[in-house]
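This report refers to the structure that appears directly beneath it.
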There are 2 protein chains.
Amino acid sequence: MADKDALSMHDDALAGRRASAGPHVGSPMGSGAGVTLTDVAREAGVGESTASRVLRSHGSFSSKTRASVLEAAARLGYVPNRIAGTLASTGSKLVGIIVPSLANIVFPDLLRGANSVLGKAGFQSVIGVTDYDLDGEEGLISSLLSWRPTGLLVAGLEHTPRADAMLRGAGIRIVEMLDTDGVGIDMVVGFSNREAGRVSARHLLGRGYRRIGYVGHDLALDLRAAKRFEGFRAVLAEAGLQVAAEAIGAAPSSIEAGRDGLARLLAQCPDLDAVYFSNDDMAIGGYFLCLARGIGIPGQLALFGHNGLDVARCAPQPLSTIRTPRVEVGETSARLVSSDGPPAVITLDFELIEGATT
Amino acid sequence: MADKDALSMHDDALAGRRASAGPHVGSPMGSGAGVTLTDVAREAGVGESTASRVLRSHGSFSSKTRASVLEAAARLGYVPNRIAGTLASTGSKLVGIIVPSLANIVFPDLLRGANSVLGKAGFQSVIGVTDYDLDGEEGLISSLLSWRPTGLLVAGLEHTPRADAMLRGAGIRIVEMLDTDGVGIDMVVGFSNREAGRVSARHLLGRGYRRIGYVGHDLALDLRAAKRFEGFRAVLAEAGLQVAAEAIGAAPSSIEAGRDGLARLLAQCPDLDAVYFSNDDMAIGGYFLCLARGIGIPGQLALFGHNGLDVARCAPQPLSTIRTPRVEVGETSARLVSSDGPPAVITLDFELIEGATT
DNA sequence: CGGTATTTTGGCAGCGCTACCATTTTCCAT
DNA sequence: ATGGAAAATGGTAGCGCTGCCAAAATACCG
């Protein structure tokens with residue numbers, strides 16, 4: 001860290017990374033806030049546009065000029081004003097990301113994938129959290145749009161009519177993530193939750209389980225979990241079966257909700273031989289309940305989750321579940337958001353993990 | 001068919017959303033993108049500044065004017081351009097948040113707290129992830145600063161000299177989070193990790209454990225974990241003891257790393273009576289190992305973590321740990337970032353949770 | 001009803017930067 | 001040298017909005 005130019009605009013594409021001009025750091029007084037391009041240009045004895053070109057490594061300039069501009073910028077502690085830059089140019093180098101929650105690791109995973117790719121491409125992520133509220137999402141969309149982002153990544157395909165209209169009319173790339181069961185606005189990156197539910201059901205049926213229960217969280221809010229459950233029941237129905245009992249909590253998914261949900265389910269219907277959970281958090285809760293009560297897994301009761309979290313993979317008995325490519329969805333979405341191809345739907349594969357709980 | 005309810009309700013919701021993709025909303029052509037305040041003003045038959053005042057509910061205007069401006073804006077699908085607004089005014093309504101990682105739920109928790117408070121106050125969060133790299137942090141700081149945020153929230157007190165200089169010189173509110181063991185730049189919100197380590201050690205000693213091991217992750221990167229360990233060892237030293245053995249992995253913390261770390265630790269030193277983990281993820285990994293191997297907890301081996309995660313609280317034997325106020329730190333930081341008081345250090349309490357593993 | 005408060009309103013100058021264009025300088029081949 | 005192409009450079013018009021100020025409309029008072 002000893003030797004980058006103070007300018008350090010972070011975009012590595014910029015020239016000047018190796019200029020190593022400044023003898024020291026810290027600007028003379030106050031700081032770089034307030035130092036404008038005009039100041040730098042004057043200090044370097046060049047025109048404004050020349051300074052701008054150098055700082056952005058865009059266009060041509062002599063290496064002499066380059067050096068003096070960089071030196072002046074470093075000495076003054078110049079920090080470019082991207083707000084002004086964005087207004088003057090076109091693309092904003094901002095990408096909005098909207099997720100329903102940050103409490104479930106699934107979404108931070110998504111963010112992580114997206115942010116890492118975006119960062120490398122010189123974009124900044126602006127986030128919005130809807131708390132699973134579509135009206136809240138509508139507000140966030142309008143709010144994010146006002147920053148004139150290059151594109152918007154949104155979890156889910158369902159939106160209010162107004163949100164839908166805003167997204168369509170925004171004139172920017174929209175990527176809807178994590179769900180391919182439906183019609184997208186522009187780009188869609190994800191997997192089929194319905195199919196995941198189907199695969200889960202087939203797995204349980206294939207293992208011979210017949211008295212199957214379901215433990216889930218609020219389905220009116222988590223539309224993707226609802227689609228999984230739908231696919232799950234469809235397969236059961238094809239086999240002439242149905243879910244023997246279900247416990248659906250009103251709270252968001254959590255380990256505790258899974259534990260309590262399974263307790264209620266068993267109270268209501270003690271002779272189940274397998275339980276499908278809305279996701280791994282819930283399933284781990286169920287698993288903990290079984291451990292606590294000495295319920296044999298999978299002999300007495302089989303457990304199946306969804307997502308493929310670390311905690312599920314590392315449990316004494318690895319949880320049978322479906323690993324979803326959350327980080328990859330984020331990465332792919334980020335890659336697409338600045339592309340200019342035609343609208344597309346990208347379906348990524350999920351993976352059935354045959355753990356030790358089925 | 002008894003279970004049809006949940007789904008049908010869900011189906012309706014989906015159908016409704018999809019069906020009513022609005023007849024209007026959004027301008028005749030293209031869309032709201034491109035519609036400027038000037039357009040709205042012209043359409044409403046008022047001056048630009050009047051339209052601006054109405055749309056911001058700032059200043060005075062007749063209710064008649066208000067109605068026509070609002071109507072025009074709605075009809076044209078006007079979306080204000082905050083970039084231009086920010087450039088023209090002063091405050092940016094953007095707040096930068098820098099965290100080392102998104103893979104550990106601790107930081108999403110922090111983000112969640114901060115973002116929820118910020119959102120309510122009309123701010124947008126712009127995030128940066130350093131991957132525990134201080135040089136990366138430096139780049140992110142400079143990058144975020146270029147968006148002229150109202151303030152910056154940063155996890156941790158340690159920065160490169162250059163980053164430190166940039167933060168001091170930025171002329172905006174800086175809040176350093178999650179650590180009060182050191183000197184801050186402006187505001188600090190967090191708790192003492194060193195003290196948390198001390199409290200943890202005292203707890204173990206108080207329960208009579210004497211042969212204590214440590215399982216941690218890369219301490220050169222996670223400075224806060226290092227401070228905890230330091231406090232922990234200090235108390236042991238005061239009691240004339242020292243850590244009997246330690247296993248420190250090079251990878252970031254994870255359940256798997258905790259499991260493997262404990263395995264190595266036990267291989268190397270089988271007669272421990274307690275283990276202190278760098279955090280709950282690691283501790284849960286250790287717990288799982290004990291379950292798998294049939295190691296009695298806490299009889300044979302006691303486990304102690306840090307953070308107070310859900311998974312630790314809900315385990316069959318709740319983990320003994322320290323609950324840290326992560327969300328609160330985020331909330332408090334967000335509240336402070338737009339304040340104008342003098343610099344301050346706010347120390348929040350952590351809580352010792354006497355679980356069943358010690 | 002005149003005259004002074006008060007409320008509304010519109011014009012316009014930037015905010016800091018980039019894009020475009022015109023100009024100047026440098027570089028070559030002749 | 002000498003014209004012409006290429007490289008460098010500087011001037012300047014906005015980008016869309018807000019803040020300031022003066023002008024216009026309305027309200028109020030005796």
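Note that this is a predicted model, so its numbers are computed, not measured. Per chain, numbering begins at 1; letters A, B, ... match sequence-line order.
OP1 or OP2 of C:dG10 sits under 4.0 Å from a side-chain N or O of B:Thr50. Between C:dT18 and A:Ser52, a contact under 4.0 Å exists linking OP1 or OP2 to a side-chain N or O.
The interatomic distance linking A:Tyr78 (OH) with C:dG16 (P) rounds to 10 Å, in whole Å. Per the geometry, NZ belonging to B:Lys64 stands 12 Å off C1' belonging to D:dT26, to the nearest Å. At whole-Å resolution of the value, CZ in B:Arg66 and P in C:dT9 are 13 Å apart. Taking atom CZ of residue B:Phe61 and atom C1' of nucleotide C:dT8, one finds them 11 Å apart after rounding to whole Å. For the pair B:Leu55 CG and D:dG16 P, the interatomic distance rounds to 16 Å; values are reported in whole Å. To the nearest angstrom, P of D:dG16 lies 16 Å from CH2 of A:Trp147. Here the C1' atom of nucleotide C:dC12 and the CG atom of B:Leu37 are 14 Å apart, to the nearest Å.
Among the nucleotides D:dG19, D:dG10, C:dG16, the one closest to the side chain of A:Thr36 is C:dG16. Among the nucleotides C:dT8, D:dG16, D:dT9, the one closest to the side chain of B:Ser60 is C:dT8. The side chain of B:Ala88 lies closest to C:dG14, out of C:dG14, D:dT9, D:dG19. For B:Ser62, the listed nucleotide lying nearest its side chain is C:dT9; candidates were C:dT9, C:dG16, D:dG19. For B:Arg53, whose side chain is taken as the heavy atoms from C-beta onward, the closest listed nucleotide among D:dC17, C:dT18, C:dT9 is C:dT9. Out of D:dT18, D:dA8, D:dG10, the shortest distance to the side chain of B:Arg56 is found at D:dT18. Nearest to the side chain of B:Ser89, among C:dC20, D:dT18, D:dC15, sits D:dT18. Side-chain proximity of A:Asn81 to the nucleotides C:dG16, D:dT9, C:dG10 is greatest for C:dG16. Checking C:dG16, D:dT9, D:dT18 against every side-chain atom of A:Thr65, the shortest atom distance belongs to D:dT9. Checking D:dT9, D:dT18, C:dT18 against every side-chain atom of A:Glu48, the shortest atom distance belongs to C:dT18.
Not a single donor-acceptor contact under 3.5 angstrom links the side-chain atoms of A:Arg82 to the base of C:dG16. A donor N or O paired with an acceptor N or O is not found under 3.5 Å between the base of D:dG16 and the side-chain atoms of A:Arg148.
Taking all atoms of both residues into account, the shortest heavy-atom contact from B:Leu55 to B:Ala73 is CD2-CB, 4.1 Å.
In this structure, A:Leu145 and A:Ile172 have side chains that are in contact, with non-hydrogen atoms separated by less than 4.5 Å. A:Glu176 places none of its side-chain heavy atoms less than 4.5 Å from the side chain of A:Met187. Proximity of A:Val69 to A:Phe61: side-chain heavy atoms (C-beta onward) are nowhere separated by under 4.5 Å. By the 4.5 Å heavy-atom criterion applied to side chains, A:Val95 and A:Leu152 are not counted as neighbours.
With rounding to the nearest 0.5 Å, the separation of OG in B:Ser57 from CG in B:Leu70 is 8.0 Å.
For A:Gly45 and B:Leu87, each mapped to the nucleotide of DNA chain D holding its nearest heavy atom, the one lying further toward the 5' end belongs to A:Gly45. Toward the 5′ end of DNA chain C lies the nearest nucleotide of B:Val54, the other residue of the pair A:Ile83 and B:Val54 mapping further downstream.
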